[in-house]
Participant: 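Below are the structure tokens for one structure; questions will follow.
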2 protein chains.
Amino acid sequence: MRTHVGEVLALFREHGELSRTEVIDISGLSRSTVNQRLAALESAGLIAEIGGGESTGGRPSSRFALNRSRGVLLTADIGATGLIAAVCDLAGSPLRHRTVRVDVWEGPERVLGEVDRAFDELIEGDLVWGIGIGVPGPVEFAAGRVVNPPIMTGWDRFDIAGWFDRFEVPVVVENDANSRAVAEARPLRHDNLISMKVGTGIGSGLVFNGQIIRGSEGAAGDIGHTRAALADSATPLGCRCGNVGCVEAYAGGWALVRDLDAAGTSVEHVADVVTLVRQGDIEAVRLVRQAGRVLGDAVADLVSILNPESIVLSGQLAECGEVLLSGVRERVYQRSLPLATRNLTIRVSKLGELAGVTGLAIITADQLFATDRIDELLERIG
Amino acid sequence: MRTHVGEVLALFREHGELSRTEVIDISGLSRSTVNQRLAALESAGLIAEIGGGESTGGRPSSRFALNRSRGVLLTADIGATGLIAAVCDLAGSPLRHRTVRVDVWEGPERVLGEVDRAFDELIEGDLVWGIGIGVPGPVEFAAGRVVNPPIMTGWDRFDIAGWFDRFEVPVVVENDANSRAVAEARPLRHDNLISMKVGTGIGSGLVFNGQIIRGSEGAAGDIGHTRAALADSATPLGCRCGNVGCVEAYAGGWALVRDLDAAGTSVEHVADVVTLVRQGDIEAVRLVRQAGRVLGDAVADLVSILNPESIVLSGQLAECGEVLLSGVRERVYQRSLPLATRNLTIRVSKLGELAGVTGLAIITADQLFATDRIDELLERIG
DNA sequence: CCCTTTTGGTTTTTTGCAAACCAAAAGATT
DNA sequence: AATCTTTTGGTTTGCAAAAAACCAAAAGGG
């Protein structure tokens with residue numbers, strides 16, 4: 001009986017709620033085949049019948065939907081100085097989450113140990129179906145490990161997927177910016193989107209043709225260390241990467257802290273900058289708006305080259321909202337080709353700090369429900 | 001009998017020459033199914049048995065390969081001031097070609113009329129299976145037409161595919177830079193590649209995850225009008241696009257003609273610049289090398305962001321070879337993140353002016369041999 | 001010359017899919 | 001209220017594709 005149910009399941013993941021007739025129309029399959037597959041999916045508990053539909057002049061249809069609580073996905077979004085662990089349903093929505101403060105450079109054993117503990121506390125007898133781990137570095141996706149990370153000391157080629165062997169479920173490892181981008185793109189059905197994370201540093205995730213662009217070595221997305229446009233200030237500032245004139249050295253959170261401090265306003269962390277902006281501190285607002293312009297100049301080139309349909313800003317500095325956005329918009333609409341900005345939207349993420357874990361859950365579900373792996377899943381859940 | 005032969009055909013397109021046993025191993029299908037499909041493909045003439053293989057201790061295998069001369073693909077690479085029309089085999093290799101001088105702004109009827117004439121002269125009783133047209137503007141691929149082109153006056157939304165209705169074969173329309181990128185990427189099996197065309201203007205084609213990145217409106221790839229790095233020269237030059245400081249205004253062919261002319265060397269066309277460089281003219285070499293640096297600065301950011309495995313330069317200025325390359329390489333290896341340049345190769349295209357028509361043939365074949373359209377093809381060829 | 005190895009081809013069995021048919025549940029009509 | 005029409009639900013039957021099993025052919029090795 002275990003047939004090509006994956007294609008039908010994919011329809012529910014994409015469209016949400018469907019009746020038999022709708023499945024028939026969309027898939028082009030026959031009524032009997034659709035019935036057979038729906039029965040298989042329902043008996044496995046992957047889909048469930050929900051409230052009966054309205055009549056359109058005849059017998060009312062019964063409607064089905066993905067049974068999003070049949071199992072859970074454990075996800076952990078590991079950042080430079082902290083991590084968020086979450087239990088998500090099969091549609092990707094976080095159900096419960098915990099934040100843990102731990103520095104990534106303390107190494108994989110220490111950090112993943114914290115993830116383990118957080119998972120143990122979050123699981124409430126849930127059936128774990130998959131695990132997704134987000135990391136702030138380049139990832140070899142197929143192997144489930146980090147390769148040549150600039151900031152993740154001690155993590156190089158560490159077998160992250162193997163760490164979670166005890167769960168006996170698929171484990172995916174993905175770059176944190178990429179998982180954010182997926183979380184933004186998928187619900188909107190945007191196939192071409194750029195997600196910018198502006199926190200202490202600056203990173204980006206690219207989704208084009210509906211797929212994550214990882215590059216040949218998983219290092220794609222690093223917009224923070226591209227060259228900034230030096231409008232009039234003749235002094236190219238040094239960056240923490242060792243180079244000079246990087247975007248991050250002007251618009252990154254650490255650069256704003258540096259500049260505000262130099263201007264006489266005592267700040268310690270990016271959060272302080274955000275607070276000042278919200279309080280309307282003139283110097284802070286001026287600096288963040290200027291950071292937006294630098295960011296906008298960098299994004300403008302990217303818009304001309306990649307022609308995305310939307311750009312989403314996230315990260316701590318994105319909490320400055322319009323103050324940051326206006327600078328970005330100003331430069332993008334000024335510099336990018338009109339053709340590329342005609343239907344472009346630039347906005348701040350609505351997902352906030354949960355964007356990472358949400359995206360990881362979606363990516364993990366993608367793997368679990370992949371048409372060529374669906375049998376494996378049915379095998380496991382009996 | 002008309003079954004899922006497409007999957008097996010795809011194997012031959014990817015691997016070239018295969019024995020039955022190899023097809024069985026790669027596809028995972030049973031011997032009988034493979035035999036059935038091979039028989040169907042062979043009777044349709046899509047594959048042919050080639051010289052028997054060597055024995056490895058048992059009966060020697062018979063080997064099969066795509067019958068690349070079963071039909072031909074007509075392709076035309078339309079540039080700003082001229083077009084190349086070609087007859088290609090089913091593997092994408094150009095068999096015969098013609099060059100026609102015609103300006104694209106003379107409109108679709110005039111230009112496509114020239115394409116028609118060139119096709120008629122090139123066909124020698126060949127069975128035409130598909131047509132591919134490359135154009136210097138943004139393309140709505142699914143519809144087979146140009147949308148909002150900046151330089152293709154009179155072409156907006158013109159039904160290019162419809163023009164070739166008389167052939168009664170599938171027609172694909174693609175951006176010229178994109179088709180070039182495919183021609184470079186496919187034979188090398190590179191999944192992440194940037195192709196830069198440096199001629200009068202500057203354009204690029206992006207292939208990532210093995211797919212063309214077209215952007216949300218087919219406008220992706222426009223690197224020519226991104227912002228150039230203004231090292232020390234304090235005067236941002238005006239560009240023909242109306243903006244200032246574009247890469248093209250420094251490194252485009254028209255900019256070099258402008259600069260050489262201003263320096264007292266009388267030149268009219270980009271070809272003259274190339275000739276001068278080859279003759280070792282000091283000023284020309286200096287300018288082209290400098291153009292390479294400007295280009296390199298722009299590409300460097302793209303390398304950091306997209307992490308391609310190779311960059312290929314084509315177009316007239318690429319004929320300057322090492323003179324242009326050295327400038328590009330200098331800046332890329334200086335500016336891009338080490339992680340992104342570790343395994344990066346930067347080189348000049350070996351395909352030359354036929355890159356466009358080759359890529360178009362490959363893209364057209366992709367459509368013809370797509371698994372969900374293979375039955376349509378078998379229907380047509382009987 | 002026989003045995004082993006590897007590939008080629010055919011027959012048999014299974015299974016997934018679709019067409020066709022019948023049943024059920026609603027609204028519409030008389 | 002009874003019947004007709006419409007739409008959806010479910011089952012049976014027939015077909016065809018795929019795999020397993022089997023036999024044949026063509027090489028090398030002893």
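Naming convention: chains lettered A, B, ... in sequence-line order (proteins, then strands); numbering from 1 in each chain.
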Participant: Distance check needed: dA19(C) C1' versus Asn35(A) CG, whole Å only.
Facilitator: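 Whole-Å distance recorded here is 14 Å.
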Participant: Holding to salt bridge (Lys or Arg N to Asp or Glu O under 4.0 Å), I want the full list of residues that pass it with Glu17(A), two or more places apart in sequence or in another chain.
Facilitator: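 Partners of Glu17(A) by the salt bridge (Lys or Arg N to Asp or Glu O under 4.0 Å) criterion, ordered by chain and then number, come out as Arg63(A).
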Participant: Please list residues of residues 8-16 of chain B whose heavy atoms come under 4.0 Å from any atom in DNA chain D, ordered by number; otherwise none.
Facilitator: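 Nucleic-acid contacts, sorted: none.
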Participant: Between the protein and nucleotides 19-21 of chain D, which nitrogen or oxygen pairs are less than 3.5 angstrom apart?
Facilitator:
residue	atom	partner	partner atom	Å
dA19(D)	OP2	Ser30(B)	N	3.1
dA19(D)	OP2	Ser30(B)	OG	3.3
dA19(D)	OP2	Thr33(B)	OG1	2.8
dA19(D)	N7	Ser32(B)	OG	2.8
dA20(D)	N6	Ser32(B)	OG	2.9

Participant: What is the distance, to the nearest angstrom, from the CD1 atom on Ile24(A) to the C1' atom on dT8(D)?
Facilitator: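 Rounding to the nearest Å, CD1 of Ile24(A) and C1' of dT8(D) are 9 Å apart.
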Participant: Taking the side chain of Gln36(B) as its heavy atoms from C-beta onward, which of dC17(C), dA18(D), dT7(C) lies nearest to it?
Facilitator: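 My answer, after comparing the listed nucleotides, is dA18(D).
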Participant: Could you check how far CZ of Phe64(B) sits from P of dT7(C), rounded to whole Å?
Facilitator: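 Going from Phe64(B) (CZ) to dT7(C) (P), I get 13 Å.
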Participant: For Leu38(A) and dT11(D), what is the distance between atoms CG and C1' respectively, to the nearest whole Å?
Facilitator: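 Between C1' of dT11(D) and CG of Leu38(A): 15 Å.
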Participant: Leu66(A) versus Leu9(A): any side-chain heavy-atom pair under 4.5 Å?
Facilitator: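 In short, these two side chains touch, coming nearer than 4.5 Å.
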Participant: Enumerate the salt bridge (charged side-chain N to carboxylate O under 4.0 Å, His left out) contacts for residues 180-190 of chain A, please, sequence neighbours excluded, ordered by first and then second residue.
Facilitator: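 As it turns out, the salt bridge (charged side-chain N to carboxylate O under 4.0 Å, His left out) pairs with a partner in residues 180-190 of chain A, which skip direct neighbours, are Asp77(A)-Arg180(A), Glu184(A)-Arg347(A), Arg186(A)-Asp366(A).
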Participant: Measure up the Phe119(B) and Phe164(B) rings against each other and bin them: parallel (under 30°), tilted (30 to 60°), perpendicular (over 60°).
Facilitator: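 Tilted.
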Participant: Verify the contact: side-chain N or O of Arg20(A) to OP1 or OP2 of dG9(D), cut-off strictly under 4.0 Å; return yes or no.
Facilitator: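 Yes, because at least one side-chain N or O of Arg20(A) sits under 4.0 Å from OP1 or OP2 of dG9(D).
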Participant: Got Leu360(B) and Ile133(B) here, is their nearest side-chain heavy-atom distance under 4.5 Å?
Facilitator: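 No - every pair of side-chain heavy atoms lies 4.5 Å or more apart.
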Participant: Using whole Å, report how far CD of Glu22(A) lies from P of dT7(D).
Facilitator: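 So the CD-P distance, Glu22(A) to dT7(D), works out to 14 Å.
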Participant: Between Ser62(B) and dT7(C), is there a side-chain N or O to OP1/OP2 distance below 4.0 Å?
Facilitator: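 So the side chain of Ser62(B) is outside the cut-off, no N or O lying under 4.0 Å from OP1 or OP2 of dT7(C).
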Participant: Can you measure Arg37(B) atom CZ to dG9(C) atom P for me and round it to whole angstrom units?
Facilitator: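 Going from CZ in Arg37(B) over to P in dG9(C) covers 17 Å.
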Participant: Out of Leu38(A), Leu18(A), Val8(A), which one pairs with Phe64(A) under the side chain to side chain contact (heavy atoms under 4.5 Å, CB included) rule?
Facilitator: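 Of Leu38(A), Leu18(A), Val8(A), side chain to side chain contact (heavy atoms under 4.5 Å, CB included) with Phe64(A) is met by Leu38(A) alone.
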Participant: Tabulate below the donor-acceptor pairs under 3.5 Å that side-chain atoms of residues 122-130 of chain A make, not counting sequence neighbours, or state none.
Facilitator:
residue	atom	partner	partner atom	Å
Asp126(A)	OD2	Arg96(A)	NH2	2.6
Asp126(A)	OD2	Glu124(A)	N	3.4

Participant: Could you tell me how far apart Arg63(A) (CZ) and dA25(C) (P) are, to the nearest whole angstrom?
Facilitator: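 The distance from CZ of Arg63(A) to P of dA25(C) comes to 19 Å, rounded to the nearest Å.
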Participant: Please report the interatomic distance CZ(Phe141(B)) to CG(Asn178(B)), rounded to the nearest 0.5 Å.
Facilitator: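 Reported to 0.5 Å precision, the distance equals 9.5 Å.
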Participant: Under the salt bridge (Lys or Arg N to Asp or Glu O under 4.0 Å) rule, collect the residues that match up with Glu140(B), sequence neighbours excluded.
Facilitator: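 Glu140(B) satisfies salt bridge (Lys or Arg N to Asp or Glu O under 4.0 Å) with Arg145(B) only.
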Participant: Starting at NE2 of His4(A) and ending at P of dA17(D), how long is that distance when rounded to a whole Å?
Facilitator: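 To the nearest whole Å, that distance equals 15 Å.
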